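Down below is the structure, laid out as structure tokens.
Here the structure is a predicted model, which means the values were calculated and not measured. Atoms within each ligand, like the ligands themselves, are counted from 1 in listed order.
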Amino acid sequence: MSDNVIRMAMVGGGPGSFIGPVHRMAAELDGRIRLVAGAFSRDEGRSKAAARGYGIDPGRAYGDYRQMMAAEAVRPDGAQFVAIVTPNHLHFPVAKAALESGLHVLSDKPATATLEEAESLARVVADTGRLYGLTYTYTGYPLVREARALVRRGDLGDVRKVVVEYSQGWLSDAVEKTDNAQAAWRADPAQSGLGGCIGDIGVHAFNVAEFVSGLGVTRLNADLNSVVPGRRLDDDCNILLRLGQGVPGVLVASQVAAGDRNGLRLRVYGEKGGLDWCHEQPDVLTLNWLDRPTQVLHAASPYLSPAGRGPARLPTGHPEGFIEAFANIYRDFAQAIGLGQGLSGTAVPTIHDGLRGMAFVARAVAANGAGWVDL
Ligand SMILES: NC(=O)c1ccc[n+]([C@@H]2O[C@H](COP(=O)([O-])OP(=O)(O)OC[C@H]3O[C@@H](n4cnc5c(N)ncnc54)[C@H](O)[C@@H]3O)[C@@H](O)[C@H]2O)c1
């Protein structure tokens with residue numbers, strides 16, 4: 001393996017899991033990162049089976065992530081960072097153990113299961129000086145980065161309103177009571193954490209709204225619901241927002257929007273017009289102007305800014321999607337490790353974003369139905 005290749009371990013991502021294999025494909029897409037070890041399942045046999053499926057040495061697959069970290073730490077070719085792709089309740093203990101053993105961490109969202117854990121994790125990140133990134137996937141899309149760049153540049157004028165929706169329908173029935181592993185842990189407060197839908201997809205919507213608008217949410221007024229009878233966590237969220245400079249906003253997230261698939265849509269309106277980006281058509285960014293015809297920007301076009309053009313791997317008209325969006329985060333993260341730099345000059349979400357996401361979940365859950373509260 002070349003010296004330039006960054007070595008990655010994974011916790012989670014065992015047989016039948018959803019996002020672990022996506023992380024693996026994304027991490028290795030550009031040839032800069034190689035998966036070398038993992039605790040892919042808490043069951044050692046399943047962990048080794050996953051290793052064989054990933055084409056890595058089963059001798060470097062463990063049922064216990066602490067054992068994996070201890071073994072990797074003493075190898076000259078040991079892992080340099082850990083990708084965390086377990087259910088939410090393990091994000092904090094795994095990230096803490098990894099950072100304290102000297103590894104960098106790239107974790108999936110939400111950062112932790114509770115706000116207290118996120119606060120504690122922020123201290124561990126600061127104390128260890130290791131890199132901690134979060135895969136808020138949508139920040140990896142080239143046209144989301146373009147949207148951020150054009151808001152920053154002032155193309156829309158001052159931002160006046162933000163509308164973000166994340167609409168799914170796959171939890172419209174109590175599928176957590178069937179053999180659906182992904183639904184089972186998401187509906188269990190012990191594994192999902194404080195939030196149901198809000199922690200699962202509401203945090204993505206919250207993050208992408210802040211990322212593109214450049215404004216932080218300062219207040220919120222939450223109406224969270226458990227629509228499916230017997231469900232213990234929310235499966236539907238309707239939240240009024242107040243962002244910096246008093247800008248009003250709306251966040252709607254639902255997993256009981258029957259028939260919807262993965263409908264993340266962001267609209268940001270300024271004085272001169274509004275931008276509109278939808279995840280199900282990610283290679284198009286629409287700009288609706290107050291005083292001139294609508295403009296449609298296409299991914300990978302030469303007229304985009306470096307922030308929007310740079311991450312694309314293919315010429316315009318050759319669609320890139322979810323895996324490439326993850327890969328853009330991985331590429332930036334690997335580059336920061338390679339250069340021995342921090343994440344501040346990159347677009348990779350950090351512990352700061354993780355803390356904000358968990359504060360959002362905690363405040364909305366605690367003040368559900370109680371009117372406006374500060375974030
Ligand atoms: N960024 C995104 O777009 C996105 C999309 C989906 C899921 N996620 C996040 O990814 C995480 C995983 O979600 P999923 O849908 O892939 O779940 P999943 O149920 O499909 O996979 C979870 C995996 O973790 C493993 N695991 C559980 N306990 C473990 C332990 N102690 N040690 C090692 N492995 C263990 C399971 O065996 C399984 O392989 C969640 O935090 C979720 O919020 C993010």
Starting from [atom], find the nearest protein heavy-atom neighbour and note its residue, name and distance.
atom: atom 3 (O) of ligand 1; value: T137 OG1, 2.9 Å
atom: atom 41 (O) of ligand 1; value: N88 OD1, 2.7 Å
atom: atom 16 (O) of ligand 1; value: I19 N, 2.9 Å
atom: atom 44 (C) of ligand 1; value: D108 OD1, 3.0 Å
atom: atom 19 (O) of ligand 1; value: W185 NE1, 2.9 Å

Between R148 and F211, is NZ or CZ placed under 6.0 angstrom from the six-membered ring centre and within 45° of the ring axis?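 Flagged: R148 positioned over aromatic ring of F211.
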
Both conditions, 6.0 Å and 45 degrees, for the charged tip of R265 above the ring of W277: are they met here?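 Verdict for W277: no cation-pi partner in R265.
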
Please answer whether the main-chain N or O of P189 pairs with a side-chain N or O of S192 as donor and acceptor at a distance below 3.5 Å.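 Not at all, since once roles are kept as given, no pair shorter than 3.5 Å links the two residues.
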
One residue to check: [X]. Relative to ligand 1, which of side chain, backbone, both or neither has a non-hydrogen atom less than 4.0 Å away?
X: R66; result: neither
X: F322; result: side chain
X: L90; result: side chain
X: H204; result: side chain
X: V22; result: neither
X: Y65; result: neither

Within the 4.0 Å heavy-atom shell around P87, which atoms of ligand 1 are there?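 Selected atoms, number and element: 22 (C), 24 (O), 27 (C).
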
Could you tell me which atoms of ligand 1, counted from 1 in the order shown, lie closer than 4.0 angstrom to a heavy atom of G14?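 Answer for ligand 1: 39 (O).
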
